[in-house]
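The structure under discussion appears below in the form of structure tokens.
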Amino acid sequence: MSSSDEYISYGDDPLQEIRVFNYHKDNLRTLIVVHGGGWRDPRNTYNDFDELALFLGSKKVNVIGINYRLSPKVKHPVHLIDVLSALVYISKKYNVKEISLAGHSVGATLLLQLIDYKRIIELGYESLQLAGVTESALPDKKDLQKLYEEYETNVKVQLLYFIDGIFNIVELLKEYPSYDFVHDAFVSTNAYTEATQLSWTKGDSVHDHDHDHDHDHDYNAKSYSAFVCHSSQDELLSINQTQLLINYLHTAGIPHAFTFAPLGKHEEVYRHPNVGISILQQLDLDV
Ligand SMILES: N[C@@H](CC(=O)c1ccccc1NC=O)C(=O)O
């Protein structure tokens, strides 16, 4: 089975849609791409990856982009739950056993959150409750449990490729106090503090109290590797966020490498030819 440039819905909202740039069942790799845009900018969609998909498609890599619902209409952790739902949909529809993921900016945040998605979603629900906010887009616990089971059963990640990402929102706002898009996506300070492993305070505590909790990452940390890239020409994010992620990956024992190179401005990096070549190398395919 193969398809080229197909748009498929995975939910009721128009943004709950994937773009299958190309899929051929005999391709050896499948790359899922997740766009940025500060959780809210409608100008950022799976189309950000047009050039990347064209290049990787010519190298026999399946490329599928995920759109997800945006803030302020929805709040964290809805973006992450949409990405999980899309990944389950893709892995079941295309029966792909192993996938790799590339994310740009907050798309990279979503990839980091995937590593510990259960704890992060749990803390996300808690932050909404603490803020007295009802998020109608959230599934109930039963549906959430089913989604988790389907993800664990169907999705095995090979490579996480982080492109000029945001990984510690507390530190981001210290460095860039004017980045108010955060407040459209998170209902409170607690919500964005507990949103990633680099700044959470309760992530571990939940770990401790809840003894039937999976004490490793949501899947074996050694089962996948990470690659981090940051453009020296990124005018919206300094190297700091990427440096914090590299420190975390090292501490967490997640195999990783990184590159810091002139790959264009923040909204150009994901279109840069050298990012495509780097991803191809990381996918262990001949360039
Ligand atoms: N264009 C977005 C802002 C944005 O996307 C952004 C700005 C600074 C640093 C990172 C950003 N995006 C990350 O996904 C907005 O205007 O909300």
Side-chain angles (χ1 to χ4, degrees), residues 15-17 19 32-52 65-84 86 101-115 117 120 124 160-189 191-193 195-199 226-246 248 258 260-272 275 279:
L15 283 175
Q16 289 177 303
E17 188 183 58
R19 177 179 175 185
I32 311 291
V33 286
V34 186
H35 69 77
W39 297 283
R40 73 174 184 186
D41 197 328
R43 290 170 298 180
N44 293 97
T45 68
Y46 39 47
N47 298 329
D48 290 358
F49 300 103
D50 272 328
E51 292 83 354
L52 182 65
I66 296 177
N67 273 5
Y68 48 90
R69 282 173 288 181
L70 299 178
S71 299
K73 182 178 171 185
V74 300
K75 303 291 181 191
H76 170 78
V78 172
H79 322 96
L80 177 56
I81 291 172
D82 274 1
V83 169
L84 273 175
L101 292 130
H104 170 252
S105 209
V106 298
T109 319
L110 287 157
L111 264 50
L112 172 64
Q113 293 172 319
L114 271 179
I115 296 172
Y117 68 92
I120 285 174
L160 292 174
Y161 196 100
F162 300 95
I163 307 169
D164 289 52
I166 288 172
F167 308 109
N168 181 328
I169 302 166
V170 174
E171 289 303 316
L172 178 82
L173 290 177
K174 283 182 191 162
E175 187 177 3
Y176 302 102
S178 67
Y179 284 3
D180 58 3
F181 56 82
V182 170
H183 307 301
D184 276 353
F186 298 88
V187 288
S188 62
T189 304
Y192 65 71
T193 302
T196 81
Q197 304 89 319
L198 277 66
S199 56
F227 194 89
V228 193
C229 108
H230 195 89
S231 174
S232 53
Q233 296 167 317
D234 190 321
E235 80 288 14
L236 298 179
L237 288 173
S238 72
I239 187 74
N240 290 349
Q241 287 287 312
T242 289
Q243 186 59 64
L244 289 168
L245 175 68
I246 291 164
Y248 172 76
F258 75 97
F260 180 59
L263 296 167
K265 291 188 171 177
H266 189 70
E267 294 296 341
E268 295 170 342
V269 192
Y270 45 82
R271 300 183 192 277
H272 197 290
V275 172
I279 290 175

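One-based numbering, in listed order, for ligands and for the atoms of each. Residue numbers run from 1 in the order of the sequence given.
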V106 neighbourhood, listing ligand 1 atoms whose heavy-atom distance to it stays under 4.0 Å: 13 (C), 14 (O)
Pair E235 + K265: basic N to acidic O under 4.0 Å: no
Protein contact of atom 13 (C) of ligand 1 - nearest heavy atom, named by residue and atom, plus distance: S105 OG, 2.2 Å
Any H266 heavy atom less than 4.0 Å from ligand 1: yes
Ligand 1 to L237 polar contact by distance, N or O atoms, under 3.5 Å: no
Nitrogen or oxygen of R40 less than 3.5 angstrom from that of ligand 1: yes
Mutual orientation of the aromatic rings belonging to H79 and Y68 [parallel < 30°, tilted 30-60°, perpendicular > 60°]: perpendicular
Numbered atoms of ligand 1 (with element) below 4.0 Å of G36, judged on heavy atoms: 14 (O)
Any donor-acceptor N/O pair, N67 side chain to Y46 backbone, under 3.5 Å: yes
Part of Y179 within contact of ligand 1 (heavy atoms, under 4.0 Å): side chain
Atoms of ligand 1 close to G37 [distance to a heavy atom under 4.0 angstrom, numbered from 1]: 2 (C), 5 (O), 12 (N), 13 (C), 14 (O)
Crowding at CZ, F181 (>12 non-hydrogen neighbours, <6.0 Å): yes
Whether Y179 side chain and I169 backbone form a donor-acceptor pair below 3.5 Å: no
Protein heavy-atom partner closest to atom 7 (C) of ligand 1 - residue, atom, separation in Å: F181 CE2, 3.4 Å
Interfacing atoms of ligand 1 (cut-off 4.0 Å, heavy-atom, D41): 1 (N), 2 (C), 15 (C), 16 (O)
Y270 and H104 aromatic ring geometry - parallel, tilted or perpendicular at 30°/60° bounds: perpendicular
Backbone of D48 reached by a side-chain donor or acceptor of R271 within 3.5 Å: yes
